[in-house]
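Counting starts at 1 for both ligands and their atoms, in listed order.
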Amino acid sequence: MLPERATCVIAGGGPAGLTAGYLFARAGLDVVVLEKHGDFLRDFRGDTIHPSTMEALGELGLLEAFLALPHQEVRYAEGEIGGERIRFADFTRLSTRCRFIAFIPQWEFLSFMAAQARAYPGFTLAMEAEAVDLVRDGQRIVGVRASTASGPAEIRADLVIAADGRRSTLRRAADLKVVDFGAPMDVLWFKLARRPEDEHAVLGRIEGGQALVMLDRADYWQCALLVRKGSAEAVKAQGLEAFRARVAGLARRSSADEVASLDDVRVLTVAVDRLETWHKPGLLCIGDAAHAMSPIGGVGINLAIQDAIATANLLTRPLRQRRLSEGDLARVQKRRSFPTRATQRLQLAIQNRVIDPVLSASAPLRAPWIARLMQRLPFLQGIPARVVGIGFRPEHVDLEAIDEGSRAVGDARWVE
Ligand SMILES: Cc1cc2nc3c(=O)[nH]c(=O)nc-3n(C[C@H](O)[C@H](O)[C@H](O)COP(=O)(O)OP(=O)(O)OC[C@H]3O[C@@H](n4cnc5c(N)ncnc54)[C@H](O)[C@@H]3O)c2cc1C
């Protein structure tokens, strides 16, 4: 049974929602996380945990357990432009405890955070529980209506957090204004088996008119083919053989026969947007629900987690003392606005100045001068490593605020 009341109810068991849920539960608050799916097995999202997130895990004492999970450590981001191998980022130049990006399927990370949060008695995770609407009392939002496996439910709370992703139901229900920045590309998402001929595989390969990203998942490659916005269905309409040939050419391998059917190729629509105001009395949006990120740089998970940390840092005490005001919620937006804007501005610049011309090009491409300069002056590779690996204004966990109200570790509720 779901509780009828909590200090905080969070819609969405993604990176933002589960991190915020963990932190509030650790702080001794009653928190309910609603996740509409029955499990975390979503194959079509990001796979990267960045040095700044691992720094936060270290502050929380969770890093060792996290690094014990199967993962790949990527110390350099390398790609090929028009056949020329380029190293874009060198994460070993960072001064963080982990000088690499950890590649780990997102469901592993989410299961890990949920397991950590379950140790605290105030934590409830409800799977197959979809937030469908807000509960209001005059101007104030005082809870969430949910559709659960055992029927409709209503949970009242001092704070509702919308962490339900870029198609957020709750931000729509709250009528918050979204600014859409557009994106020139969509992504076709599929798997390739590992083969001995992949020895020289790189993270990304860019050629005139197309680009392929290959994420290492130990026993297979999770691949993303970038195509012009709106053209994904046309690419699929050319048929399976044409698709296999295109992928095999880009991946520099003899065939891509393991793509058994075009039904195995998922189209992901890329969106970049941001709410003008992230909050209303009693409601705060974080993560993709506040700002959908482009997959460029793979920083969406990191930003979502940083939002959750800032939220817990700034709201734990007002929530504990039951004096939460809209001014407190505005402080979270103020804190996270600059990193969000700066990251999106950079992503939009890369989308418009690099991805768009690449996807429009029909002639062979050459690496730009800046990429060549980075090969000659390797210290320059530390700059993108910092931007991607740490980001703008990284958050540190306010352990004093979180741990002063910590309750004894016990068994949390797990509603399935
Ligand atoms: C193709 C693609 C590739 C990407 N690659 C990367 C990458 O490599 N690295 C990276 O850092 N980022 C990547 N991103 C971005 C990243 O996935 C997101 O920015 C990040 O997951 C946002 O986290 P979140 O918790 O805010 O939202 P989400 O991850 O979207 O989580 C939202 C959760 O809420 C649940 N939910 C939705 N609606 C409801 C509801 N009404 N009630 C209850 N639950 C609900 C969903 O099931 C989901 O579990 C990629 C994005 C795309 C599209």
[Y] and [X] side chains, donor-acceptor separation under 3.5 Å:
X      : Y      : answer
Arg274 : Gln344 : yes
Ser325 : Asp328 : yes
His279 : Thr277 : no
Asn302 : Ser52  : yes
His291 : Asp307 : yes
Arg195 : Ser255 : yes

At a non-hydrogen distance cut-off of under 4.0 Å, which region of [X] contacts ligand 1 (side chain, backbone, both, or neither)?
X      : result
Pro15  : both
Asp47  : backbone
Ala224 : neither
Asp164 : both

Relative to the heavy atoms of [X], which atoms of ligand 1 are at a distance of less than 4.0 Å?
X      : result
Gly165 : 27 (O), 30 (O), 32 (C)
His37  : 47 (O)
Val299 : 10 (C), 11 (O)
Leu268 : 1 (C)
Ala163 : 32 (C), 33 (C), 34 (O)
Thr169 : 41 (N)
Thr48  : 7 (C), 8 (O), 9 (N), 10 (C), 11 (O)
Gly12  : 33 (C), 34 (O), 35 (C), 43 (C), 44 (N)

For this session: Answer yes or no: are there more than 12 heavy-atom neighbours, outside Arg75 itself, under 6.0 Å from its atom CZ?
Result: yes
Exercise. For atom NZ of Lys229, is the number of surrounding heavy atoms from other residues, nucleotides or ligands below 6.0 Å larger than 12?
Worked result: yes
What I want to know is whether [X] and ligand 1 share at least one N or O pair that is separated by under 3.5 angstrom.
X      : result
Asp288 : yes
Ala304 : no
Glu35  : yes
Ile301 : yes
Lys36  : yes

Exercise. What class does the angle between the rings of Phe100 and His71 fall in, given that below 30° is parallel, 30 to 60° is tilted and above 60° is perpendicular?
Worked result: parallel
For this session: Mark the output for Ala129 as yes if a heavy-atom distance to ligand 1 is under 4.0 Å, and as no if none is.
Result: yes
Exercise. Should the pair Arg194 and Trp221 be classed as cation-pi, given the thresholds of under 6.0 Å to the six-membered ring centre and 45° from the axis?
Worked result: yes
For this session: Give a yes/no verdict on a cation-pi contact between Arg87 and Tyr76, requiring under 6.0 Å between NZ or CZ and the six-membered ring centre and an angle within 45° of the axis.
Result: yes
For this session: Would you mind telling me which of Arg166, Arg171, Lys177 makes a salt bridge (charged side-chain N to carboxylate O under 4.0 Å, His left out) with Asp273?
Result: Arg171
Exercise. Out of Ala131, Ala16, Ala289, who gets a non-hydrogen atom closest to atom 42 (N) of ligand 1?
Worked result: Ala131
For this session: From the options Gly300, Ala162, Ala173, select the one whose nearest heavy atom is closest to atom 20 (C) of ligand 1.
Result: Gly300
